[in-house]
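Single-structure report; data block below.
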Amino acid sequence: LEMSVIGVPMDFGQNRRGVDMGPSAMRYAGAIQRLEALGHDVRDEGDISIDQTNAGHDTNTKLRNLPEVIETSTKLADKVSEVLSNNRFPLVLGGDHSIAIGTLAGLAKNYENLGVIWYDAHADMNTEETSPSGNIHGMPLAVSMGLGHDKLVNIHGYAPKVKPENIVIIGARSVDPGERDLIKEKGMKVFTMHEIDKLGMTEVMNQAMWYLRDREVDGVHLSLDLDGLDPLYTPGVGTPVPGGISYRESHLAMEMLASSNLITSAEFVEVNPILDEKNKTADVAVALMGSLFGESLV
Ligand code: DIR
Ligand code: MN
Ligand code: MN
Ligand code: MN
């Protein structure tokens, strides 16, 4: 692949500082070299610049740091579009999960029928009305479906970015009441930990991929929140939830995606080295990138 890596050192979407160091942590863990070793042509595009002027001064408890999230999303959307127009594969390193608003804004206008795999302990489908926290990292999927604050929903001047029926959520185990209602209302495809336990990851991934093929998607974005894994493996995240996806199940999922050739863009988010144990979470993120981009033992 011809890939472009975009860092988004942003922590405005939630209230634990340090996730802005995620891109550095993943680079330090060898992300670029790992992908180059697989024969990919990797261009590190550096980081999106983030204005820290008002960090810590926000008083909006419904939508924390809204102006900063809007500004960063817009810049990221521009960058992702530029990478696509150069026919390169966008790989985005976060940053908290609110950056997905920008990634999807940059991607979706280049596809007729974009699919999304959302690998996460959470559904990220809150709006300012339903959010228990006011943290925008709990909202990007709702925003991308066209629900939420006008300015977030309309980044890059169009909405929605994705259709609810083109989204598959994998690993959910902490879902807020408003999110649950929305999942039901939209009839969304969700594989919670219950399905992963019951069916096994092989069956879950096969069903997820066939679901998206049946939707006739012309691209699939993988949005991987490291808190989708069990905190045993990825402790360096802001909102850990026990009972998560294992290290091996996650590698299997990435390997299956690799051999499917479905994935056309990806992002790895919520790596917070301040909360981590010796950069373990970034190491896992980079190992998963290895599997997603073609590593195999024999
Ligand atoms: C929670 C946490 N549902 C919220 N969301 C997180 O604040 O909306 N998403 N951590 O990754
Ligand atoms: Mn910071
Ligand atoms: Mn998330
Ligand atoms: Mn999450």
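Order of listing sets the numbers, starting from 1, for every ligand and every atom in it.
Between the side chains of His122 and Asp120, at least one donor-acceptor pair of N or O atoms lies under 3.5 Å. His137 and Glu270 form a side-chain donor-acceptor contact under 3.5 Å, judged by distance and modelled atom types alone.
For ligand 1, one of its N or O atoms has an N or O atom of Asn126 under 3.5 Å away.
For an aromatic pair to be called close, the ring centres must be under 6.0 Å apart, and His97 with Trp118 satisfies this.
Of all the heavy atoms of Val175, none lies under 4.0 Å from any atom of ligand 1, so neither backbone nor side chain is involved. Residue contacts with ligand 1, taken as heavy atom pairs separated by less than 4.0 Å, involve His122 solely via side-chain atoms from C-beta onward.
Close approach of ligand 1 to His137 is summarised as follows: ligand atoms under 4.0 Å from at least one heavy atom of the residue are 6 (C), 9 (N), 10 (N). Ligand 1 places these atoms under 4.0 Å from at least one heavy atom of Asp227: 11 (O). Atoms of ligand 1 lying under 4.0 Å from any heavy atom of Asp225, numbered from 1 in the order shown and given with element: 11 (O).
For atom 10 (N) of ligand 1, the closest non-hydrogen atom of the protein is Thr239 OG1, 2.8 Å. Of all protein heavy atoms, the one lying nearest to atom 7 (O) of ligand 1 is Ser133 OG, 2.5 Å. Looking at atom 1 (C) of ligand 1, its nearest protein heavy atom turns out to be Asp176 OD2, 3.5 Å. Looking only at protein heavy atoms, the nearest one to atom 9 (N) of ligand 1 is Asp124 OD1, 2.8 Å.
Annotation for Tyr28: atom OH does not count as buried by contact number, only 12 or fewer foreign heavy atoms lying within 6.0 Å. The number of heavy atoms from other shown groups lying within 6.0 Å of CD (Glu112) does not exceed 12.
Taking a cut-off of 2.8 Å, the protein N, O or S atoms nearer than that to the Mn ion (ligand 3) are His97 ND1, Asp120 OD2, Asp124 OD2, Asp225 OD2.
Leu107 places a side-chain heavy atom less than 4.5 Å from the side chain of Leu104.
Using a 4.0 angstrom heavy-atom cutoff, His97 does not count as in contact with ligand 1.
Remark: of the listed residues Arg27, Lys75, Lys79, Lys79 is the sole one forming a salt bridge (charged side-chain N to carboxylate O under 4.0 Å, His left out) with Glu45.
Judged as a ring pair (Phe, Tyr, Trp, His ring centres under 6.0 Å), the pairs with a partner in residues 263-298 (not counting sequence neighbours) are, in order, Phe89-Phe293.
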